[in-house]
Amino acid sequence: MKALILAGGFGTRLRPLSCTRPKILFPIVNKPLLDLTLERLSKSGVSEVILAVNYGAEALKKHCGSSKYGMKILYSEDRIQHDSKNIFSPPRPLGTGGPIKKAENLLGKDESFLVLNGDILTDLDYRALMQSHKKSSGIATIALFTVKDPSRYGVVKFNEESFQITQFFEKPSRNEAPSNLINAGIYALNPKIFNYIPKAKPCSIEREVFPKLASEKTLFGHPFQGLWIDVGKREDYLKANMLILESQKEQSPQNQMFGAHIKTRKPIAIGENASIGEGSMIGPYVVLGKNVNVGMNVSIQNSVVFPGVIISDLVSIKGTVIGENVFIGKHVQIGENCIIGDGAVIEDNVTLVNGVTVCPFKTVSESVFEARCLM
Ligand code: GTP
């Protein structure tokens, strides 16, 4: 079985952290999201994965190489003809449909295949999705998940007896949504799909292809329950980490690895070679990456700290994501829902209130008392 992972989005909602790494390489409890997906695909019998890349292509190629978890990894780049005379004209991304057409030769015409939005954390049974697809003999079968507020997603009108999706609405208002069943961003597709996607043009599969298939009665659904979270927004990225932390409670560290009088409140996860100074209080819901160095009398709650971060003494951090190799000086306070970009420096005695974002490699030497982006 082959699978294509859509991996080339700009991840604008996760800026500034996504300015320095593609969203699907963001760590979820110290493991890149992409690796969690690849491991599960491998266990489901997938032998070949095609990464549809654009933004962050080089980082993804370096990370995966030509094989991972026993699967062959191939790359399909969005890059299409653009104005070569204008050096500032960036390659145009192909959206969520165009990359599937672009990879037509790699996916082949003989067998149905899986397509996944790379930014979804899920425990969906991929084999069961493929089986539903084979039973229905439709052109596309969409994994469907139930949510409370469907207005942020693609919502379907679904016939529970025939498993047919009779209508597909992309991001409807709350009143218009015909159900709470949403497109989970994972599909089984028949190669006939290639006839529905234009060549070498950006295309949204959700807006341009699925509504057409629904009207032609060749669009089917596969409802499932369990874990599903789209990590595209900062609060959802934090939530994804918290959910995985909860399911891995036993991985909490041995306190004796660290300085005296440390208090930990589970669940927490601590990466290799991390150190915690005397009197610090870590947790609940904290992930510390590899080589993170926490000073004395530090308090960290509900936060994700990427690898290589240095946190000096008497710092307080709550509900925040701290990027790779950030340096945080003494007596710093960081409020909720902040994002600190990779390599930033927060100098001694600075306070950042809730909702402040700091761009990569920025030095912050004064406190900020309103939610804004420091560039
Ligand atoms: P936002 O800018 O925050 O909306 O994020 P995004 O650019 O990743 O868009 P979105 O969340 O809608 O993308 C869903 C999935 O499709 C993600 O895994 C993206 O990496 C991927 N994706 C989105 N646009 C493209 C594209 O133009 N080309 C490729 N190859 N993948 C894409």
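Start at 1 and go down the list; that is how both ligands and their atoms are numbered. These numbers were taken from a predicted model, which means no experiment stands behind them.
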A.B. asks: From atom 4 (O) of ligand 1, is the closest protein heavy-atom distance below 4.0 Å?
C.D. replies: yes
A.B. asks: Establish, from distance only, whether the side-chain atoms of E170 and Y153 form a donor-acceptor pair under 3.5 Å.
C.D. replies: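 E170 vs Y153: no donor-acceptor pair found between side chains.
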A.B. asks: Looking at K61, I'd like to know if its NZ atom is crowded, meaning that more than 12 non-hydrogen atoms belonging to other residues, nucleotides or ligands lie closer than 6.0 Å.
C.D. replies: yes
A.B. asks: Going by atom types alone, do D313 and H331 pair a side-chain donor with an acceptor below 3.5 Å?
C.D. replies: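 Absent: no donor and acceptor within the cut-off.
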A.B. asks: Which residue holds the protein heavy atom closest to atom 28 (N) of ligand 1, what is that atom called, and what is the gap in Å?
C.D. replies: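 Of the protein heavy atoms, D78 OD2, 2.6 Å lies nearest.
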A.B. asks: Give yes or no for whether the N/O distance cutoff of 3.5 Å, strictly under, is met between D119 and ligand 1.
C.D. replies: yes
A.B. asks: Are any of the N/O atoms in F10 less than 3.5 Å from those in ligand 1?
C.D. replies: yes
A.B. asks: Please say whether G95 places an N or O atom under 3.5 Å from an N or O atom belonging to ligand 1.
C.D. replies: yes
A.B. asks: Can you confirm, on distance only, whether ligand 1 has an N/O atom lying under 3.5 Å from any N/O atom belonging to N54?
C.D. replies: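 The answer is no, given that N54 and ligand 1 share no N or O pair closer than 3.5 Å.
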A.B. asks: Might you work through the side chain to side chain contact (heavy atoms under 4.5 Å, CB included) test for I100 and V115, ending with a clear yes or no?
C.D. replies: CA-CA 8 Å; I100 302 172; V115 169; 4.0 Å; yes
A.B. asks: Give a yes-or-no answer on whether the side chains of Q131 and Y126 include a donor-acceptor pair shorter than 3.5 Å.
C.D. replies: no
A.B. asks: How far is atom 23 (C) of ligand 1 from its nearest protein heavy atom, and which residue and atom is that?
C.D. replies: G9 CA, 3.6 Å
A.B. asks: Does CZ belonging to R152 count more than 12 external heavy atoms closer than 6.0 Å?
C.D. replies: yes
A.B. asks: Considering only the protein, which heavy-atom contact is closest to atom 2 (O) of ligand 1, and what is its distance?
C.D. replies: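 Scanning the protein heavy atoms, the shortest distance from atom 2 (O) of ligand 1 goes to T12 OG1, 2.6 Å.
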